[in-house]
Amino acid sequence: MIIDGSDTVSIDLAVAMLLKGGLIGLPTETVYGLASDALNDDATLKIFDLKGRPVDHPLIAHVADAAAIQHFANEIPGFANNLMAKLWPGPLTLILNKNVDIANACTGGAATIALRCPAHKVAQNLLRRCQDVGIWGLAAPSANRFGRVSPTTARHVLDEFGDSLMILDGGPCAVGIESTIVDCTRGKPIVLRPGTLTLAEISHAAECVAFSSGELVQKDSLTKASSPKASGTLESHYAPNARVCLHSIQEMHERLQTGSRQNLNTDSDAILAIWARVKPLTPDKVQNFLYEIMPNNPQECAKALFAQLRAFDNQGITEIWIETPPQAPEWAGITDRLQRAAHSGTEPR
Ligand code: TXA
Ligand code: MG
């Protein structure tokens, strides 16, 4: 059931659902979440069940403001306080040391917890009303089945979980890809999952140099095994039903021109869609593909990405060629999501 998130009656209904240990669909500026009372383990376990998510993949707890993190975390480093002061509310999640023996379902029993303060007006209104009744934060992963494309509209959430879930409609998400996750438990800011904030912006706000986890794996002897688990960092994730391939415009053009799709390891019977900043023209050939324009601006592109992948699936497309994004910091989050969508490995999707 989709209800209007801007209506105070809807907020009251959602709070009542959370108080009795139920789940709701929650709009944020990044993507929609599937939310429970973060300190209620029984309620939070229902999220793992509904999503089909392994219980050792911890969730993000959403709070109304920085003051509310005292209910969840302690030993906050100075650079984490700087990040919260400058970038909250917003599309930023911090990993911090968890208070003893709380939110065990949300954190998968880990000693750390992921915390985020969303800027979306409906999320803010809900979180504040929750505080009034003693709910200090909402556990919420993206509201999609494990491994699938994240939802950026209320309708997408309904398509994932059906009409029995109460979903607050907050309109299409303004950011469109998930928050940047920064680990603050290892003495310096380490970006575990890129989003729309660049490393430079994180460093500036933190007032110290931030690293990407990839950089550290190369520089230090930090191994994949010793870094915390983040399901959004599995090689295969964010996958639509259609097969996704990343190519330059030049590559697309050449393959269409010669008709040798096989050289791209693709299926010549596939129903093809192309998402690129310009249309790869093939003057002498039949244009036997669907073309949609990819925005030439990283913010607009992030906003459109997941809805476009879902739209291609709904149109019966079986193969999607997407233009490899430019190699600039502003495109890092989009490139990350596309590479995982295109990965056809054996990991869970
Ligand atoms: O924008 C977002 O972050 C959205 C909205 C709803 O807030 N949420 C979201 O949640 O993307 P989810 O569950 O799809 O991704 C949360 C990520 C996962 O990759 C999870 O493994 C990681 O956060 N995470 C949670 N707790 C962690 C921890 N203690 N240490 C390391 N990673 C953690
Ligand atoms: Mg997710």
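First listed ligand is number 1; within each ligand, the first listed atom is number 1.
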Co-members of the apolar cluster containing Phe48 [side chain, <4.5 Å]: Ile2, Leu23, Tyr32, Leu34, Leu45, Ile47, Leu50, Val55, Leu59, Val157, Leu158, Phe161, Leu165, Ile167
Row check, Phe211 ring normal vs Lys188 NZ/CZ: under 6.0 Å, within 45°: yes
Numbering as shown, the atoms of ligand 1 that approach His62 to under 4.0 Å (heavy-atom distance): 5 (C), 6 (C), 7 (O)
Polar proximity ligand 1 side, Arg53 side, N/O cut 3.5 Å exclusive: yes
side-chain hydrogen bond (donor to acceptor under 3.5 Å, both in side chains): pairs with one or both residues in residues 75-84, sequence neighbours excluded: none
Distance under 6.0 Å and angle within 45° of ring axis: Arg340 vs Tyr238: no
Any N/O pair Arg193/ligand 1 closer than 3.5 Å: yes
N, O or S atom of Asn144 closer to the Mg ion (ligand 2) than 2.8 Å: no
Ligand 1 contacted by Ile181 (non-hydrogen, < 4.0 Å): yes
Test of proximity, Ser179 against ligand 1: N or O pairs below 3.5 Å: yes
Within 6.0 Å of NE2 in His204, more than 12 heavy atoms from elsewhere: no
Stepwise salt bridge (charged side-chain N to carboxylate O under 4.0 Å, His left out) check, Arg128 with Asp65: CA-CA 9 Å; Arg128 289 189 188 283; Asp65 49 35; 3.5 Å; yes
Ile60: numbered ligand 1 atoms lying under 4.0 Å from its heavy atoms: 3 (O), 8 (N), 9 (C), 10 (O), 16 (C), 23 (O)
Atoms of ligand 1 close to Ala114 [distance to a heavy atom under 4.0 angstrom, numbered from 1]: 25 (C), 26 (N), 27 (C)
Sub-4.0 Å heavy-atom contact, His57 with ligand 1: no
Geometric class of the His247/Trp321 ring pair [parallel <30°, tilted 30-60°, perpendicular >60°]: perpendicular
Heavy-atom proximity to atom 28 (C) of ligand 1, best of Thr30, Ile95, Leu34, Thr28: Ile95
Contact partition for Pro141 relative to ligand 1, non-hydrogen atoms under 4.0 Å: both
Option passing side-chain contact (heavy atoms from CB on, under 4.5 Å) with Ile113 (candidates Thr185, Asn99, Thr107, Ile60): Thr107
Any N or O of Glu178 closer than 3.5 Å to N or O of ligand 1: no
